[in-house]
Amino acid sequence: MRKKIISSRLSIQLVIAVAISFFASLILMAAISQYVIVNYISKMKFLNPFYINMFNFILPTSSIVVFVIVFLVLVKKKINYIKYISKQVNKIANEELGATLKVKGNDEIAELCKSINFMSKELKDKFDRERELEDTKTELITNVSHDLRTPLTSIIGYLDILIKEKFNNKEEKKDYLNSTYNLSIKLKKLIDELFDYTKLSNSNISLDFQKVDLGDILIQMLGEYSPIAESKGLRVVTDISDEKLPVKIDIEKMIRVFDNILSNAEKYSLKPSDIVVKAEGKDDNIFISISNKGVHLEQNKLNKMFEKFYRVDVSRSNNIEGSGIGLAICKKIVDLHNGQIWAKSNKDVISINIRLPKNSI
């Protein structure tokens with residue numbers, strides 16, 4: 001109902017302007033008629049047809065002129081506002097996408113301005129998203145080319161040595177074969193992660209959501225992971241709430257998140273040390289924290305950990321294999337679950353935290 005009232009305000013304003021202009025012209029006609037009758041016609045003994053015709057012409061003409069002038073004065077602000085809108089729309093179309101118009105009043109013209117402002121913002125956001133996608137595509141091609149070329153060049157080099165039999169003995173040949181195999185595995189893993197990241201970036205991706213107790217998922221996963229960690233000098237310490245941690249997740253993809261974070265913690269942990277996994281429910285959310293002891297990192301570097309192809313720093317990554325996409329994949333998956341992922345550092349302890357919305361089971 002309110003919208004209907006608002007949409008009729010311009011019509012009401014125009015009707016009022018017409019009415020005021022009409023009454024102004026009537027008043028003028030009455031004033032001229034009274035003046036002419038009192039001062040001229042009443043004093044004439046004989047009515048001259050010429051003067052009568054002139055009077056009949058001047059009276060309605062002057063009334064029409066007054067009507068038009070008064071009407072234009074009353075609607076001048078609206079006319080200037082429409083000119084302003086036209087100028088700004090041309091500006092938005094040709095120069096400043098995203099620019100907004102001043103909204104005055106509550107009539108149809110004000111509603112039009114609001115619609116133009118919304119359209120301008122939407123077009124700018126769409127343009128910015130397209131430009132960001134284009135930049136991302138360029139960056140992706142550049143980084144992928146570099147990351148694929150490095151192991152591929154080494155593989156070709158080792159194969160060239162093997163084909164031309166430039167090795168000195170069987171042990172050396174075996175080392176070259178092992179290096180070629182390991183580089184091939186690394187290359188395959190990189191390609192798989194690139195494929196996964198691209199697939200997760202697709203706006204049409206669908207997830208297989210299931211209601212589960214996240215505590216059970218973590219306990220089972222960490223039970224399988226602990227022996228592997230212990231063989232590398234790491235102990236997995238768990239602090240998982242005894243209460244149910246109900247969530248609605250794509251189990252396979254969320255396990256991928258925890259696996260990537262644990263692998264990252266394993267790579268960068270000082271050994272021997274602990275990897276501490278905590279999980280608890282607070283209000284309408286579930287919080288998971290995976291912490292490891294390693295080299296202290298500044299917060300600005302921690303904030304970049306979830307960007308694709310970002311490797312923490314040269315000193316940490318010289319002797320560590322990694323594509324730089326694992327944590328970026330984690331962020332994509334958590335975002336798709338309407339959650340949040342972030343990293344914090346407390347001296348030499350680095351924690352990756354996840355917040356997921358709670359669901360009743």
Side-chain angles (χ1 to χ4, degrees), residues 1-135 203-204 284 338 357:
M1 183 68 182
R2 183 176 177 275
K3 191 173 180 182
K4 205 169 183 180
I5 293 170
I6 289 173
S7 65
S8 64
R9 285 184 179 176
L10 182 60
S11 301
I12 293 170
Q13 290 171 11
L14 289 174
V15 168
I16 291 171
V18 169
I20 292 171
S21 302
F22 177 71
F23 284 118
S25 64
L26 282 181
I27 291 168
L28 178 69
M29 284 179 66
I32 292 173
S33 299
Q34 183 67 22
Y35 179 80
V36 171
I37 291 169
V38 171
N39 292 286
Y40 294 99
I41 296 178
S42 62
K43 295 177 180 180
M44 289 182 181
K45 293 181 179 180
F46 301 100
L47 294 177
N48 191 323
F50 174 76
Y51 291 114
I52 292 172
N53 290 332
M54 284 293 292
F55 176 74
N56 290 335
F57 173 75
I58 291 171
L59 187 62
T61 303
S62 59
S63 298
I64 293 169
V65 170
V66 169
F67 177 89
V68 172
I69 291 171
V70 173
F71 182 77
L72 289 175
V73 168
L74 292 173
V75 299
K76 184 181 178 182
K77 284 186 178 180
K78 292 295 179 186
I79 293 171
N80 289 338
Y81 192 34
I82 291 169
K83 287 180 180 178
Y84 161 77
I85 292 170
S86 177
K87 183 180 177 181
Q88 288 298 107
V89 168
N90 285 329
K91 196 174 181 181
I92 291 169
N94 299 310
E95 299 174 20
E96 296 181 24
L97 195 61
T100 56
L101 285 69
K102 295 177 182 177
V103 179
K104 299 177 181 178
N106 272 321
D107 53 26
E108 289 95 335
I109 298 178
E111 290 297 314
L112 175 63
C113 285
K114 290 178 184 177
S115 298
I116 291 171
N117 288 343
F118 177 78
M119 178 194 70
S120 178
K121 186 178 180 301
E122 286 292 303
L123 286 173
K124 187 177 187 303
D125 290 345
K126 185 177 179 181
F127 178 79
D128 288 344
R129 281 196 299 271
E130 288 177 354
R131 186 165 56 185
E132 184 182 347
L133 286 172
E134 192 63 35
D135 291 343
S203 58
N204 296 322
D284 296 328
N338 295 319

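Note that the structure is predicted; figures quoted are calculated from it, not measured.
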Just wondering, are more than 12 heavy atoms of other shown residues or ligands nearer than 6.0 Å to [atom1] in [X]?
X	atom1	value
F22	CZ	no
F118	CZ	no
N80	CG	yes

About how many Å separate [atom2] of [Y] and [atom1] of [X], when rounded to the nearest 0.5 Å?
X	Y	atom1	atom2	value
M119	N117	CE	CG	9.0 Å
S21	L26	OG	CG	11.0 Å
R131	K124	CZ	NZ	7.0 Å
L74	I69	CG	CD1	12.0 Å
L72	I79	CG	CD1	5.5 Å

Close side-chain approach of I85 and C113, heavy atoms under 4.5 Å: yes
Testing V15, V70, V73 for side-chain contact (heavy atoms from CB on, under 4.5 Å) with I20, which one passes? V70
S115 side chain vs E111 backbone, donor-acceptor pair below 3.5 Å: yes
I82 backbone acceptor or donor facing S86 side chain under 3.5 Å: no
In terms of heavy-atom contacts, F71 and V18 come closest through CE1-CG2, 3.6 Å
For residues S63 and S25, report the shortest heavy-atom separation together with the two atoms involved. O-CB, 3.2 Å
